[in-house]
Amino acid sequence: MALSTVTDEFIKYIKGLQQLGEEWALDEASEFLVIAATLLDLKAARLLPAGAVEDEEDIALLEARDLLFARLLQYKAFKQVAGMMGDTLDLEAGRYPRQVALEGHFAALLPELLWRHTPEQFARLAESALKPKEAAPTEVGLAHLHGTPVSVKEQAEILGGRLRAGTPLTFRALTADAESTLVVVARFLALLELFRDKAVAFEQLLPLGDLTVRWTAGAEGWSSDHLSEEYEEQP
Amino acid sequence: MNQTGPGQAAGQGEPADVGSLPGGARAALEAVLMVIDQPATAAELAAGLNLTVDVVEGLLADLQQEYNGYTGKAPDVDSASSQGVTATPRGFELRNIAGGWRIYSRAEFADIVAGFVLEGQTARLTQAALETLAVIAYRQPVSRARVSAIRGVNVDSVVRTLTQRGLIEDSGTDPESGAILYRTTSYFLERMGIGSVAELPQLSPHLPGLEGIEEFYDAGRM
Amino acid sequence: MNQTGPGQAAGQGEPADVGSLPGGARAALEAVLMVIDQPATAAELAAGLNLTVDVVEGLLADLQQEYNGYTGKAPDVDSASSQGVTATPRGFELRNIAGGWRIYSRAEFADIVAGFVLEGQTARLTQAALETLAVIAYRQPVSRARVSAIRGVNVDSVVRTLTQRGLIEDSGTDPESGAILYRTTSYFLERMGIGSVAELPQLSPHLPGLEGIEEFYDAGRM
C-alpha cells in the first residue's frame, strides 16, 4: 500500500479532529506514528539488500508485529463504529413507529384462513419448534482429524499408578506407550502438576539428558482431585 | 434539540415540560396519539403529558377539528383568528370511541385502504407463523421474548399477524418482566376442531418446558 | 402489480379515483400510511392508490416536509405561494427507512411517548453485542469464526442474541467452509434509521487497506 495515501488521509482526519477540539487527537497521532514507523521499517527492510537485515527471522518478526498492529487497528476501528452505532440506536429508539392493529372493519375483510392441520400434525410441528436447537457449526468439524480428547487428569492418574511403587522412571519410559504426541504433551503437563503438588521430584544429570521422575508423596499422599480445573475446560 | 435527550427515553425521573418542546403540548399529544394501539382516555393522556384533563380535552377537540379540515391554520397561528377557516380534511381522523381516543384512517378512504390491506394477503399461514403459533399453543401464556428465544428469531411481526388473524390474544402481563403474555383464542380451538387446549395431543416429555427453556436459552441472553 | 387497482382486490368493480375524494390523493396516501404496520415502498403505495410511483414520491416528499413544519399551508392552498413558510413541526414525522415509508413519533417526544408504549421498548445492547453487530454490519456476509477472529473472543452467544432480537439473520453458508454466514436485517436498518448498509458511517480513514488485512487474516487463521 502507498504510505503517502494513508498519511494524507490521516493528516486530514487529525486536522478535522483538532478543529472539533477533540483531545484524543494526540493519542491517535502518536499511535499512527508507531504504526507508520513499523510499516516503514518493514518496507525499508524489504527494499535494502540482504546485508541490512540480520536474517529471515527479523523479517518474520517485523511481519508478525505488523500483523498485530493491523489487527489492533482494525479492532479499534470497529470499537469506534460500535460506539457510534450504539448512539444512533439510542437516538432512534426515541422514535416510535406507528404500528397499530388493523382497524376492525379492515381485519374482517381478510380472506378466511385456510387451515389443514390436524391436531396431530400441529403437535408434531410444536415438537420440532420446541426441540432445543443444536448450535449451528461455525466451521467444518475438525473432530475427525484428532483422536479422542486427552485428559491431563487421566494421564496424571496413570503416571501416579506407575510411580507410586517407588521405582524412579525416566520420562522416556513413562511415555513409551503414548499413542500420540498429544498424550506425551498431556503426560508432561501432568508431571508439572505433580511436581507443583510436591508429589514427584525430577533428576536430570546432563542438559538434554534423560529426565528421571521419582515419587515423593508416599503411597496415599496424592490424588488427582488436586489437579487444577483449567485442564478440564475445553477451549 | 431540547434539554432532555431522547436517548434517555423511558423511565426518567423528571416529567418533561411539554410546553418547551417544538410544537408544544399539541405536538406532544399528536406524537402519543400517532403511536398508541389502544384508545386512551383524556385522563390517561393528561397524566402522561403532565397536563390537566381540561387542557387535554381542549387540545383533543382542536386536533379533531383540524384533522377534519375545519381549520387550516398552522399549529402556531393564534387559534381565535383562524378558527372556522375550512380546508380539506386530512387522511386520518381522531375519534373518541367509548371514552378512548385514537387516530384512525378516515372513513372516506375505506375502499382504498381495504384494497391496500388486502393486496398480497394470503389465506394461508406461513411456516414461521405456524411454528410460532405452535409454541404459543403449547407454552401459553408466554411472552414474545420467550417465543423469540425458543425459535431463535425475532417473532414480533408474526405475533402481530397471528393476533390480527384472531388466533392468539393478549392475556395480561407478566408480573415480573411486565411483558405482554399471549394465549390462543377460542377461534384457534374452533379451527383445530377441539374443545380446549387440554385436548391438544401430548408432546414428548423430553422437550424442555418453560423452565427448562429458560435455562437452556437464557444463558446466552444479554 | 402496478396497474391492478386496489378496489378490485377488495372485490369491487371500479378502482376508486383518489382525486375525487376530499383531500385528494394526498389525504388518501395519509389514510394508507395510518394502517401499515411495516414500512411500505413508494411502489407498493402507488399500486394501492392507483397512482404512478413518481406522483406518490412527490406526495410523500410533500407530506414529509409538511410534518416537519417547512410549510404551514393547508393542503388545498396553492403550493407555489406558500411553499417554504415555516410552521412548528407536527408531533410525528414521515421517514423513508430501509427502503420503506412509515410514520414515527418525533424523537423530541420520546420521554412522553415511552410512557404510553410499553411494548417495543428494547433493552440496550451490551458493548460486546454492539461490537459484534458492527463487525457483522461492515463485513457481511460473514461467519461467526471470522467475527470471533476480529473481536478476539467467542461470539456464539452474542450472535444468538442478535438473531433473536431480529438484528441479524442467517444468509446461507460459505461454499468453502460450510460455515453459516450472517448479515444484518432490514429491522436493523430500521433501528438505525438508515436506508441501506451503504449509509453506515465510514470506518476510520487511517485504517490501512482492510483488504490487505483480510489476506493476513486468512493466513493467520487457526
Side-chain angles (χ1 to χ4, degrees), chain A residues 1-3 5-14 16 28-29 31-32 35-36 39 63-64 66-67 69-86 88-103 106 109 133 135-141 235, chain C residues 10 33-39 92-93 95 102-111 113-114 117 120-122 124-125 127 130-131 133-135 137-138 143-145 148 150-152 156 160 170 177-180 190-193 200-201 203-210 212-213 216-217 220:
Chain A
M1 77 202 73
L3 202 55
T5 324
V6 181
T7 318
D8 286 350
E9 269 184 18
F10 185 75
I11 290 173
K12 222 188 299 165
Y13 177 65
I14 293 289
E28 301 271 310
E31 201 170 323
F32 173 75
I35 290 144
L39 290 175
E63 274 176 356
D66 184 32
L67 173 58
F69 272 122
R71 282 189 168 201
L72 281 174
L73 258 190
Q74 164 158 291
Y75 178 58
K76 205 164 169 254
F78 278 121
K79 240 180 135 65
Q80 207 176 314
V81 291
M84 286 155 74
M85 276 171 55
T88 310
L89 288 170
D90 281 351
L91 183 77
E92 287 296 319
R95 297 182 158 112
Y96 294 83
R98 177 175 169 94
Q99 45 184 20
V100 302
L102 208 52
E103 294 161 32
F106 294 130
L109 291 174
K133 318 267 181 306
T138 50
E139 301 276 341
V140 167
Chain C
L33 289 172
M34 285 305 119
V35 300
I36 56 177
D37 66 355
Q38 49 197 354
F92 47 88
E93 54 188 334
R95 304 175 76 212
R102 193 186 208 182
I103 288 195
Y104 291 81
S105 66
R106 205 167 278 286
E108 283 85 343
F109 304 109
D111 290 353
V113 174
V117 186
Q121 271 294 352
T122 42
R124 298 184 58 178
L125 293 174
Q127 185 63 22
L130 271 175
E131 285 174 21
L133 184 58
V135 173
Y138 282 88
S143 70
R144 277 186 300 192
S148 278
I150 293 175
R151 294 211 47 239
D156 289 6
R160 195 161 60 224
D170 187 330
S177 68
I180 293 179
E190 240 179 274
R191 297 306 311 255
M192 288 289 292
L200 284 171
L203 284 178
S204 297
H206 63 289
L207 199 62
L210 274 175
I213 287 172
F216 274 140
Y217 259 106

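Residue numbering restarts at 1 for every chain, and letters A, B, ... go by the order of the sequence lines.
With sequence neighbours left out, the salt bridge (charged side-chain N to carboxylate O under 4.0 Å, His left out) criterion links C/R102 to C/E190. Applying the side-chain hydrogen bond (donor to acceptor under 3.5 Å, both in side chains) rule to A/R95 yields the partners A/E92, C/E93; only residues at least two apart in sequence or on another chain are considered.
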>> I'd like to know whether C/E131 forms a side chain to side chain contact (heavy atoms under 4.5 Å, CB included) with A/K79, so could you lay out the CA-CA distance, the side-chain angles of the two residues, the decisive distance to 0.1 Å, and finally the verdict.
In response: CA-CA 6 Å; C/E131 285 174 21; A/K79 240 180 135 65; 3.1 Å; yes
Run C/L200 and A/V81 through side chain to side chain contact (heavy atoms under 4.5 Å, CB included) and show every step you take. CA-CA 9 Å; C/L200 284 171; A/V81 291; over 6 Å; no
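Here the closest non-hydrogen pair linking C/R124 and A/D90 is NH2-OD2, 2.7 Å. Of all the heavy atoms in C/I150 and A/F78, the pair that sits closest is CG2-CD1, 3.7 Å. Minimum heavy-atom separation, C/A114 to A/Y96: CB-OH, 3.2 Å.
Contacts of A/M85 with chain C are made by both backbone and side-chain atoms, with heavy-atom separations under 4.5 Å.
Distance CG/A/L89 to CZ/C/R191: 6.5 Å, rounded to 0.5 Å.
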